[in-house]
Asks: 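My structure is below; once you've seen it, I'll send some questions.
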2 protein chains.
Amino acid sequence: MASNARFAEVASLAGDPARAAMLHALMDGRAFTASELARVARVTPQTASGHLAKMVAANLVQVEPQGRHRYHRLATPAVAQMIESIMQVASSLEMKRAAPVTGPRDAALRAARTCYDHLAGQLGVALADALVAGGYVALTRDAGMVTDAGITLFGEIGIVGMDAAALSAGHGKNGRVLCRPCLDWSERRPHLAGAVGAALCARAFDAGWIRRVEGTRGVTVTAAGRRIFCEGIGMRGFWLD
Amino acid sequence: MASNARFAEVASLAGDPARAAMLHALMDGRAFTASELARVARVTPQTASGHLAKMVAANLVQVEPQGRHRYHRLATPAVAQMIESIMQVASSLEMKRAAPVTGPRDAALRAARTCYDHLAGQLGVALADALVAGGYVALTRDAGMVTDAGITLFGEIGIVGMDAAALSAGHGKNGRVLCRPCLDWSERRPHLAGAVGAALCARAFDAGWIRRVEGTRGVTVTAAGRRIFCEGIGMRGFWLD
DNA sequence: GCCATGCTTCGGTCTGCGCCGAAACATTTG
DNA sequence: CAAATGTTTCGGCGCAGACCGAAGCATGGC
């Protein structure tokens, strides 16, 4: 059972509050400097540097020097998924214990945020609901599928090339695209993840439907986005309309 | 960022070597007594008791008193998935560092084992390969789907009622059963998980196709199992034939 | 009733590690 | 080259927590 030691090593790396805060921040998929991560973790730069060195050594985090800055990002999607699954368990623990004290910061994140490479929060859930209601996507607890109608819709709003990425192993049988559902830790309902979720999120940023809120993982929906999401996809309930 | 504390709490619980060993043992989905878990973690019963109390308080583990024994099991599937994803990251770290020293114990586990509620190892991968090759199942990195032919096959070998469980949210649109792929940490290839994988595994135990190896998470395939897997499902390459 | 067995609580020791201040090092800017 | 900024290394402090021995509770068998 030598692998047990690696398991404990990885988990305990994520188990320190400062490192957990950094990993949490890195969950939006962007890269940050050591000082930025030091701020979010509320430790001094030298402490953060030590933490980051450990996580880089364990291949949780990748570092990319650029001038006098060193940009850190999550090393692999597997790391993001691990963090996601820990958040999952942690949030169910939270519900079990007590109603959490929710600051305005948390409220903004709950409304709309990125989850590594896809959209989450009320926005992510509302989009998934709309896609399911419109017959564009079918979701179960375990998996998801984009229907023919969904492929058409995605093509109309400019999401292409998804099939190739999502069907690597399934070689397009039945002309359907499989995708991954992700239980939202704040909403406790599924949203769209995986290659399809990532493609949708990327397209939304590119087309200016959503914009990042500076300094957080939160996003805001632009007027153009509101039009697409409501009229194009049929999203309801995210705004009070 | 109050949720950050919960995250770190959960991760650090999994990050202690003794607790990691216990969680690892609990990954076969069965329940164990505190003393049994103390043995696998190589600590004294009183130490194990303390660890288990913490994990129960954090809702990682469920306890069920039965006479003078107290049986512990993983509290939820979400916990199992978390452990799985940590193993994922840990095993990729292992490959990165050095060729692992593989004992005979590890070899047996690599051949065939349970992964919480489904089959993994070379057996799990070979079964998934056969199901894909036969057109019974389509798998991508993100998700999977049982085809019509697959539903027929599963019905023939006695797996029923899967639809209801697997299609809770998808309400059977297109008559397809969605399922979850799971990247095998020892084989680095996907096997069948989720509700469908669990149903297949449960049926295999019930029908006597596989049996547990006492004291480990490993399983062996019986003669009946070999017949079903090879002739019924078309599995190849697990045995040298 | 008694003893054996499984489990937990308590008290004390000790290692590990997170933290910061100070200082060195690197890189860009002026 | 010097100054400013980002980052790392080093050394020492202090606390959290993992561990075990011993003793205290339960439960089941006799």
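Protein chains get the first letters and strands the later ones, always in sequence-line order, with residue 1 at the start of each.
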Asks: Within a strict 4.5 Å, meaning less than it, do heavy atoms of the B/Thr222 and B/Arg211 side chains meet?
Replies: yes

Asks: Measure the distance from CG on A/Leu52 to P on D/dT9 and round it to the nearest whole Å.
Replies: 12 Å

Asks: C/dC17 phosphate, OP1 or OP2: any side-chain N/O from A/His51 under 4.0 angstrom?
Replies: no

Asks: Can you tell me the distance, in whole Å, between the CD atom of B/Gln46 and the C1' atom of C/dT9?
Replies: 10 Å

Asks: Specify the separation, in whole Å, of atom CG of A/Asp16 and atom P of D/dG17.
Replies: 11 Å

Asks: Taking atom P of D/dG28 as reference, at what distance in whole Å does atom CZ of B/Arg70 sit?
Replies: 13 Å

Asks: Please check the phosphate of C/dC20 (OP1 and OP2 only) for any side-chain N or O of A/Thr44 closer than 4.0 Å.
Replies: yes

Asks: Roughly how many Å is it from CE in B/Met22 to P in D/dA18, rounded to a whole number?
Replies: 11 Å

Asks: Scan A/Ala48 against the nucleic acid and name what it touches under 4.0 Å (heavy atoms): base, sugar-phosphate only, or nothing.
Replies: nothing

Asks: Whether A/Arg6 engages the ring of B/Trp185 as a cation-pi pair (distance to the six-membered ring centre under 6.0 angstrom, angle to the ring normal within 45°) should be assessed.
Replies: no

Asks: Report the relative orientation of the aromatic rings in A/His191 and A/His118; use parallel for angles under 30°, tilted for 30 to 60°, perpendicular for over 60°.
Replies: tilted

Asks: What is the separation between atom CZ on A/Arg68 and atom C1' on C/dG30, rounded to the nearest whole Å?
Replies: 12 Å

Asks: Can you tell me if the side-chain N/O atoms of B/Lys54 get under 4.0 Å from OP1 or OP2 in D/dG17?
Replies: no

Asks: Can you measure A/Leu37 atom CG to C/dG18 atom P for me and round it to whole angstrom units?
Replies: 16 Å

Asks: Specify the separation, in whole Å, of atom CZ of A/Arg42 and atom P of C/dC19.
Replies: 13 Å

Asks: Taking the side chain as every heavy atom from C-beta outward, state whether B/Val196 and A/Asp142 have any pair of such atoms under 4.5 Å apart.
Replies: no

Asks: Which residue lies toward the 5' end of DNA chain C, A/Thr47 or A/Gln66, if each is placed at its nearest nucleotide?
Replies: A/Thr47

